[in-house]
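Accompanying notes for the structure given below.
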Amino acid sequence: MTVQAILESKGRYIYSVEPDERLSAAVKTLAERRVGAVLVMRGTRLDGILSERDVVKVLADRGPAALDAPVHTVMTRDVVSCSQTDTVSSIMEVMTLSKFRHLPVLDGSERVVGLISIGDIVKWRLSEYEHEQRALHDYIKSA
């Protein structure tokens, strides 16, 4: 199964913030949208990603004053991404080995077309297992 299948079931909407936006506003977006990360975008260009981990780290390092800093000073700049044709198992491996929970999905022209979280993968995998269980149950019943 591919990333595209997950995007088709969950949707392609992404939450993003501008690089010059204050961290406090980005934190508010994370809380209001109930998400663990937002993409940092300048127009349609991906500049970075801001995760809850980034926020916790900067607050631990700089204290509450960090909330006045622009997002671009706090975000993760080296963003690992995937494409719609990547397999679910390959992105699970990347996320596990790299210890992060969100992957932007880019098309061939480096345009952002979605965001996949580990929660999206777990939800998709559970649905897949439930479908397999029903199919096995129906097969056994009919035998």
Side-chain angles (χ1 to χ4, degrees), residues 1-140:
M1 193 56 69
T2 64
V3 168
Q4 184 172 352
I6 294 176
L7 288 178
E8 286 172 2
S9 68
K10 77 164 243 163
R12 296 173 180 271
Y13 189 79
I14 57 162
Y15 297 107
S16 65
V17 296
E18 293 283 331
D20 295 325
E21 194 171 311
R22 297 281 162 232
L23 181 59
S24 58
V27 167
K28 187 174 181 180
T29 299
L30 289 169
E32 287 175 350
R33 301 297 183 196
R34 299 180 59 144
V35 294
V38 289
L39 298 182
V40 182
M41 300 186 66
R42 190 178 307 275
T44 59
R45 189 184 78 193
L46 178 64
D47 278 2
I49 190 168
L50 179 73
S51 71
E52 294 167 326
R53 286 183 184 165
D54 295 323
V55 174
V56 168
K57 184 179 182 320
V58 74
L59 286 172
D61 291 346
R62 300 187 208 165
L67 292 170
D68 290 329
V71 169
H72 70 84
T73 65
V74 177
M75 70 185 187
T76 298
R77 293 178 183 280
D78 297 325
V79 180
V80 176
S81 62
C82 64
S83 74
Q84 296 180 86
T85 57
D86 286 338
T87 64
V88 171
S89 12
S90 70
I91 66 168
M92 284 173 62
E93 183 177 354
V94 167
M95 292 171 112
T96 301
L97 293 175
S98 302
K99 295 186 169 127
F100 52 76
R101 301 179 319 222
H102 299 86
L103 271 178
V105 183
L106 306 180
D107 68 5
S109 65
E110 300 302 306
R111 185 177 62 96
V112 177
V113 294
L115 181 68
I116 297 286
S117 74
I118 195 69
D120 298 328
I121 294 169
V122 168
K123 183 178 177 183
W124 177 82
R125 295 285 286 179
L126 285 173
S127 173
E128 185 178 66
Y129 287 134
E130 288 171 0
H131 177 73
E132 288 173 7
Q133 289 294 324
R134 279 192 302 274
L136 283 171
H137 185 268
D138 291 346
Y139 173 76
I140 291 168

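Not measured: the values here are computed from a predicted model.
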At their closest point, which heavy atom of Leu59 faces which heavy atom of Pro64, and how far apart are they? CD2-CA, 4.2 Å

Give a yes or no on whether the backbone of Ala135 and the side-chain of Asp138 come within a donor-acceptor separation of less than 3.5 Å. no

Report yes if some heavy atom in the side chain of Arg62 is under 4.5 Å from a heavy atom in the side chain of Lys57; otherwise report no. no

Which value, rounded to the nearest 0.5 Å, describes the distance between His102 atom NE2 and Ile118 atom CD1? 9.5 Å

Thr44 OG1 to Arg111 CZ distance, which is reported to the nearest 0.5 Å: 8.5 Å

Atom CD1 of Ile6 and atom NZ of Lys123: how far apart are they, to the nearest 0.5 Å? 11.0 Å

Taking the side chain as everything from C-beta on, heavy atoms only, tell me whether Val35 gets closer than 4.5 Å to Thr29. no

Taking all atoms of both residues into account, what is the closest heavy-atom pair of Asp47 and Pro19, and its distance? OD2-CG, 3.4 Å

Against Leu23, only a single residue in Thr73, Val58, Asp68 fulfils side-chain contact (heavy atoms from CB on, under 4.5 Å); can you say which? Val58

Atom NZ of Lys10 and atom CD1 of Ile121: how far apart are they, to the nearest 0.5 Å? 10.0 Å

Side chains of Pro104 and Leu115 in contact at under 4.5 Å (non-hydrogen atoms): yes

Just distance, no hydrogens or angles: give the donor-acceptor pairs under 3.5 Å from side chains in residues 74-81, sequence neighbours left out.
{"unit_1": "Thr76", "atom_1": "OG1", "unit_2": "Asp54", "atom_2": "OD1", "d": "2.9"}
{"unit_1": "Thr76", "atom_1": "OG1", "unit_2": "Asp54", "atom_2": "OD2", "d": "3.2"}
{"unit_1": "Arg77", "atom_1": "NH2", "unit_2": "His72", "atom_2": "O", "d": "2.7"}

Could you give the side-chain donor-acceptor pairs of residues 87-97 under 3.5 Å, partners two or more places apart or in another chain?
{"unit_1": "Thr87", "atom_1": "OG1", "unit_2": "Ser90", "atom_2": "N", "d": "3.1"}
{"unit_1": "Thr87", "atom_1": "OG1", "unit_2": "Ser90", "atom_2": "OG", "d": "3.1"}
{"unit_1": "Ser90", "atom_1": "OG", "unit_2": "Thr87", "atom_2": "N", "d": "3.4"}
{"unit_1": "Ser90", "atom_1": "OG", "unit_2": "Thr87", "atom_2": "O", "d": "2.8"}
{"unit_1": "Thr96", "atom_1": "OG1", "unit_2": "Met92", "atom_2": "O", "d": "2.8"}

Mind listing the closest non-hydrogen atom pair of Val3 and Cys82 along with its distance? CG2-SG, 4.1 Å

For Val71 versus Ala26, what's the shortest heavy-atom pair and its separation? CG2-CB, 3.7 Å

Given Arg12 and Gln84, is the side chain to side chain contact (heavy atoms under 4.5 Å, CB included) satisfied, shown in steps? CA-CA 11 Å; Arg12 296 173 180 271; Gln84 296 180 86; 2.8 Å; yes

Examine distances only and state if a side-chain atom of Ser117 and a backbone atom of Gly119 form a donor-acceptor pair shorter than 3.5 Å. yes

Calculate, to the nearest 0.5 Å, the distance between atoms CG and CG belonging to Asp86 and Leu103 respectively. 8.5 Å

Just so I know, are the side chains of Pro70 and Arg22 near enough to count as touching, which here means a heavy-atom distance under 4.5 Å? yes

Could you tell me the separation between the CZ atom of Arg53 and the CZ atom of Phe100, rounded to the nearest 0.5 Å? 10.0 Å

